[in-house]
Amino acid sequence: MEYYWSILLFIVISIHYLFRNFNFFKRHGIIHIPPVPVFGAMISSMFFQTSFVDCLLKIYNFNPNAKYYGFYFMTTPVFLLRDPELIKNILVKNFESFPNRLDFSGSNDSLLKNNLFSLCGEKWRNVRNLLTPSFTSNKIKMMFTLISESAQDFAKFITTLPADKGCINMKDAFSKYTNDVIATCAFGIKINSMKDPTNEFYINGKEISNFRGIRALKFLLLRTFPKLSQILNLKIITDYLSDFYKNIVRTTIATRDAEHITRPDMLQLMMDIRGKEGRRELDIDDMTAQAFIFFLGGFETSSTAISFVAHEIAANPDVQTKLQQEVDNILKESNGEVSYEAINRLEYLNAVISEALRLYPPFPILERICEKAYELPSALPDEKPVILKKGMTVWVPAFAIQRDEKYYDNPEKFDPERFVNNKMHDSSCYIPFGLGPRMCIANRFAMLAVKVLLFHLLALCELKPSAKTTSPVKFRKDLMIMPENGFWLNIQRRKDVLC
């Protein structure tokens, strides 16, 4: 019942604000998709008739010849960018005009508004500059051992499962791995969630990453009517969950300071900033917010990315055979002791992951808010340029661009050869982690976590479709980029295991 009352409340509030923005594009003579009252151009997604990404594809294909056009996300006017050069200009060359994402500074959730993903302006620059040294190659290399331990624990546990338990919900399994990786690399806590799936860290991770139902509605209300959400004291993250992460950070810091413990993890890197001349320190709330977003991003997006990669490996036996040969060669060369350098020499595995990220990017859209007036070129030859004013929203539809046949031959086909020898990686048409100064700060860490897990899994196991596997993928009819029936595979121990 609460669910339906929330929908009704959302509709009533939306109608109140409806006519303030809904004639924006028509009033300014800008090409746009005619809106449906309250729900804009995404009504089919809001009512779970189509998936968010399928709805995005439909919007993207509204006018293939235009460099951009308008549509309404709920009651918010949004400029959808389609031209790669224009996208590069906005995300990179003219970043100072579009430095921010949606501003959550008015949110009642300290973890939501204080993390790097949500921060804006000078606050974002300060925290970004503080955290950037934490994600250099040398610092990520320091965390390699921690990641490898979690990956090996995961792969060995999978091989002990009885034959009748071979059909596995891979998203659930991989989220246990990413939970363990982030717990050890961000919070300094060693966990084995495959053996102990009821640990508090994993249970809370599942809860906080669940953006369906009421929480999805709250998020839409927060982003559409931020001032009203603040008045209503609307919170997406409960006080219990917020306190849980804050207490972990506070206790860990106190213990390390008292016992002079150091550890190669993200929390230690933030602690090490303290007392350094010319460096602004992060307080407990700041540290918790950064560790939290690192956890949320790793728990959800990384486990989903690995799940899609595993799905495509199982669906393409020739790809799996080639991958296992590459893995076996590295194991032979290293006598079973795999190093950080060896993992980064896995060219074909890197290509397979990159191709999966093309088809299934973690962030289907990139959003930017205009900070100062910016002139867009003519959308079509017979149209006039448009001046974007401060506060206007632009979307870069990464999911749709990476499936556009103008940029990729046979774009729906899974073909890792596109990325062999670093082809396509530097293209502005390949942006799974974003582009420009606000691209994902932890992209190299995320790629390493995915590569290490798949390396150890493929060294011991074969991935095969199960009776529950749906291929090709049909997306779930909600805001998440997930298969309709989930990720299900058969995992069997290899008969020719080398280690």
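For the single chain, residues carry numbers from 1 onward in sequence order. Here the structure is a predicted model, which means the values were calculated and not measured.
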Steps toward salt bridge (charged side-chain N to carboxylate O under 4.0 Å, His left out) verdict (R345, E326):
CA-CA 10 Å; R345 290 202 306 270; E326 185 178 54; over 6 Å; no
So does R438 get a backbone contact from the side chain of R101, meaning a donor-acceptor N/O pair under 3.5 Å? yes
Residue pair I140 / L448, side-chain heavy-atom distance below 4.5 Å = yes
With a 3.5 Å cut-off and no angle check, do the side chains of Q320 and N316 form a donor-acceptor pair? no
query = For residues N490 and S466, is any side-chain donor paired with an opposing acceptor at under 3.5 Å?
reply = no
Report task. Could you check if a side-chain atom of R476 sits within less than 4.5 angstrom of a side-chain atom of P483, using non-hydrogen atoms only? Result -> no
*Do R263 and T184 have side-chain heavy atoms sitting under 4.5 Å apart?*
yes
message: Please report whether the ring centroid of F154 lies less than 6.0 Å from that of F174.
response: yes
Note to self: Is a donor from one side chain sitting under 3.5 angstrom from an acceptor on the other, for Y340 and T145?
What the structure shows: no
d(L267 CG, M271 CE) to nearest 0.5 Å is 6.0 Å
*Just wondering, do R494 and L460 contact through their side chains at under 4.5 Å, heavy atoms?*
no
> So, the side chain of D180 versus the backbone of S193: is there a donor-acceptor pair under 3.5 Å, distance only?
Replying inline: yes
query: Is the Lys NZ or Arg CZ of R358 less than 6.0 Å from the centre of Y408's six-membered ring, within 45° of the axis?
result: yes
Requested in this report: Validate the cation-pi geometry between K171 and F487: distance from NZ or CZ to the six-membered ring centre under 6.0 Å, angle to the ring axis within 45°.
Outcome: no
All heavy atoms of V394 vs all of V78, minimum pair found to be C-CG1, 4.4 Å
Within 45° cone of F95 ring axis and under 6.0 Å: R368 NZ or CZ: no
Kindly indicate whether the side chain of L91, heavy atoms from C-beta on, has any atom under 4.5 Å from the side chain of V396.
-> yes
Q. Within a reach of under 6.0 Å around NZ of K190, are more than 12 heavy atoms found that belong to other residues, nucleotides or ligands?
A. yes
Minimum side-chain heavy-atom gap C167-W488 below 4.5 Å: yes
_Are F475 and F399 an aromatic pair, judged by ring center distance below 6.0 Å?_
yes
Closest non-hydrogen atoms of T470 and H311, given as atom of the first, atom of the second and distance, are O-CE1, 3.2 Å
- Item | Residue pair F201, F299: steps toward the ring pair (Phe, Tyr, Trp, His ring centres under 6.0 Å) verdict | CA-CA 11 Å; F201 216 95; F299 186 95; 9.0 Å; no
Test of ring centre spacing under 6.0 Å for F294 and F135: yes
K451 and N344: side chain donor to acceptor below 3.5 Å:
yes
Checklist entry - Going by distance alone, is a donor N or O of one side chain under 3.5 Å from an acceptor N or O of the other, for R444 and S137? => result yes
### Query
For the rings on F98 and W395, is their centre-to-centre separation under 6.0 Å?
no
Between S302 and A446, the two heavy atoms sitting closest are OG-CB, 4.1 Å
Taking every heavy atom of V309 against every heavy atom of A356, the minimum-distance pair comes out as CG2-CB, 3.5 Å
| How about L357 and M447: do any of their side-chain heavy atoms sit closer than 4.5 Å? | yes
From CA spacing to verdict: salt bridge (charged side-chain N to carboxylate O under 4.0 Å, His left out), K495, E462
CA-CA 9 Å; K495 297 176 182 178; E462 287 187 29; over 6 Å; no
Checklist entry - Taking atom types as modelled, is there a side-chain donor on T304 or E300 under 3.5 Å from an acceptor on the other? => result yes
Report the C-alpha distance between Y430 and F419 in whole Å, list the side-chain angles of each, state the deciding distance to 0.1 Å, and finish with yes or no for ring pair (Phe, Tyr, Trp, His ring centres under 6.0 Å). CA-CA 11 Å; Y430 180 73; F419 292 92; 4.8 Å; yes
Exercise for review: Side-chain contact test, heavy atoms from C-beta onward, threshold under 4.5 Å: evaluate it for I147 versus F445 and give yes or no.
Suggested key: yes
In this structure, CD of E371 is separated from CD1 of I369 (nearest 0.5 Å) by 10.0 Å
Taking atom types as modelled, is there a side-chain donor on E312 or Y360 under 3.5 Å from an acceptor on the other? yes
**Study point:** Any donor-acceptor N or O pair under 3.5 Å, side chains D286, T288
**Key:** no
Indicate yes or no: does K176 engage D172 in a salt bridge with an N to O separation below 4.0 Å. yes
